[in-house]
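To keep things clear, I will list the structure first and then write my remarks on it.
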Amino acid sequence: MMINESNKVIIVEGLSDKRQIEKIIDDKVIIVCTNGTLGVEKLDELLETYELDEKDVYILVDEDPSGMKLRKQLARELPHAEHIYVSSEYREVAATPMKVLANALIGARFTVNPTYLL
């Protein structure tokens, strides 16, 4: 997929989060891994590469201290972004049951594979 082909971008922390979402989602979407917190240079690179100021951006990170720090940083830089939350009961996106994750994505108006809603 071309980087500019989709108008939707989901920002996640790690590769395991990305893989989990890719299994569930049935939408044209770009999933970007930050691999933890971002330095100014890396953040600028993401903004430019993925044209984040012109896209529908969704932030889906872990409910742990590093995830919350990243969410806060991204919220400052991308005030137009929509936040998707996983329950603190699961703490990590990758550890969240597929059905729960699918419902969270539907709540953010994504199309998901119906298999994961059963």
Side-chain angles (χ1 to χ4, degrees):
M1 176 187 317
M2 294 283 297
I3 285 178
N4 298 323
E5 196 175 312
S6 175
N7 256 349
K8 292 181 176 180
V9 177
I10 300 175
I11 299 175
V12 297
E13 284 178 87
L15 196 54
S16 57
D17 302 334
K18 178 178 179 173
R19 288 190 178 130
Q20 196 82 323
I21 292 166
E22 285 174 336
K23 290 178 196 169
I24 298 170
I25 212 151
D26 249 356
D27 250 335
K28 278 192 176 184
V29 63
I30 299 163
I31 303 171
V32 178
C33 293
T34 65
N35 299 311
T37 54
L38 296 169
V40 174
E41 206 171 284
K42 177 75 172 160
L43 185 58
D44 286 344
E45 182 185 314
L46 287 178
L47 286 167
E48 193 174 310
T49 303
Y50 297 100
E51 300 174 341
L52 297 180
D53 288 328
E54 287 90 44
K55 305 247 172 151
D56 295 329
V57 179
Y58 300 83
I59 298 168
L60 177 55
V61 296
D62 297 343
E63 288 298 312
D64 61 11
S66 63
M68 289 186 269
K69 180 181 177 186
L70 178 60
R71 184 181 296 279
K72 198 172 176 180
Q73 179 186 18
L74 290 169
R76 265 194 319 272
E77 298 296 328
L78 299 164
H80 69 288
E82 186 172 323
H83 295 264
I84 304 171
Y85 295 90
V86 296
S87 170
S88 55
E89 168 187 355
Y90 307 116
R91 290 184 57 83
E92 298 176 4
V93 172
T96 301
M98 299 292 246
K99 182 178 181 177
V100 174
L101 209 45
N103 279 301
L105 290 164
I106 283 175
R109 299 165 309 286
F110 284 96
T111 306
V112 300
N113 181 327
T115 308
Y116 295 106
L117 297 172
L118 304 174

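- The CD1 atom of Ile25 lies 7.0 Å from the NZ atom of Lys8; values are rounded to the nearest 0.5 Å.
- Atom-to-atom distance recorded for Glu45:CD and Tyr50:OH is 8.5 Å, nearest 0.5 angstrom.
- Considering all non-hydrogen atoms of both residues, Gly14 and Asn35 come closest at CA-OD1, 4.4 Å.
- For the atom pair CG of Leu47 and CD of Glu77, the computed distance is 6.5 Å after rounding to the nearest 0.5 Å.
- In terms of hydrophobic clustering, with Ile, Leu, Val, Met, Phe, Trp and Tyr side chains grouped at heavy-atom distances under 4.5 Å, Ile10 and Tyr85 are assigned to different clusters.
- Scanning for salt bridge (charged side-chain N to carboxylate O under 4.0 Å, His left out) contacts around Glu82 gives Arg109, with sequence neighbours left out.
- In this structure the side chain of Met98 reaches within 4.5 angstrom of the side chain of Gln20, judged on heavy atoms.
- Once rounded to the nearest 0.5 Å, the distance linking CG of Asp17 with OG1 of Thr96 reads 8.5 Å.
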All N/O donor-acceptor pairs, side-chain side in residues 63-72, below 3.5 Å, sequence neighbours left out:
from: Asp64; atom 1: OD1; to: Ser66; atom 2: N; distance (Å): 3.4
from: Asp64; atom 1: OD1; to: Ser66; atom 2: OG; distance (Å): 3.2
from: Asp64; atom 1: OD1; to: Gly67; atom 2: N; distance (Å): 2.7
from: Arg71; atom 1: NH1; to: Ile59; atom 2: O; distance (Å): 3.4
from: Arg71; atom 1: NH1; to: His83; atom 2: ND1; distance (Å): 3.0
from: Arg71; atom 1: NH2; to: Ile84; atom 2: O; distance (Å): 3.1

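- Taking 4.5 Å as the limit, some side-chain heavy atom of Leu52 sits within range of a side-chain heavy atom of Ile11.
- Between atom CD of residue Glu22 and atom CG of residue Asn113 there is a gap of 13.5 Å, rounded to the nearest 0.5 Å.
- Counted within 6.0 Å of CD on Glu48, heavy atoms from surrounding residues, nucleotides or ligands total 12 or fewer; the atom is thus considered open.
- The hydrophobic cluster containing Leu15 does not contain Ile21, counting ILVMFWY residues as joined when their side-chain heavy atoms lie under 4.5 angstrom apart, directly or transitively.
- The shortest side-chain heavy-atom distance between Asn7 and Val29 does not fall under the 4.5 Å cut-off.
- A 4.5 Å side-chain heavy-atom check between Leu43 and Thr34 finds every atom pair outside the cut-off.
- Rounding to the nearest 0.5 Å gives a distance of 9.5 Å between OH of Tyr116 and CG of Asp26.
- The shortest side-chain heavy-atom distance between Ile106 and Leu117 falls under the 4.5 Å cut-off.
- At least one side-chain heavy atom of Lys55 sits under 4.5 Å from a side-chain heavy atom of Ile30.
- With hydrogens and angles ignored, the 3.5 Å screen pairs a side-chain donor or acceptor of Asp27 with a backbone N or O of Thr111.
- A heavy-atom distance below 4.5 Å is found between the side chains of His80 and Leu78.
- Alongside Tyr90, the hydrophobic cluster contains Val100 (criterion: ILVMFWY side chains under 4.5 Å).
- In summary, of the residues considered (Val32, Ile31, Leu60, Val93), a side chain to side chain contact (heavy atoms under 4.5 Å, CB included) with Lys18 occurs for Ile31 alone.
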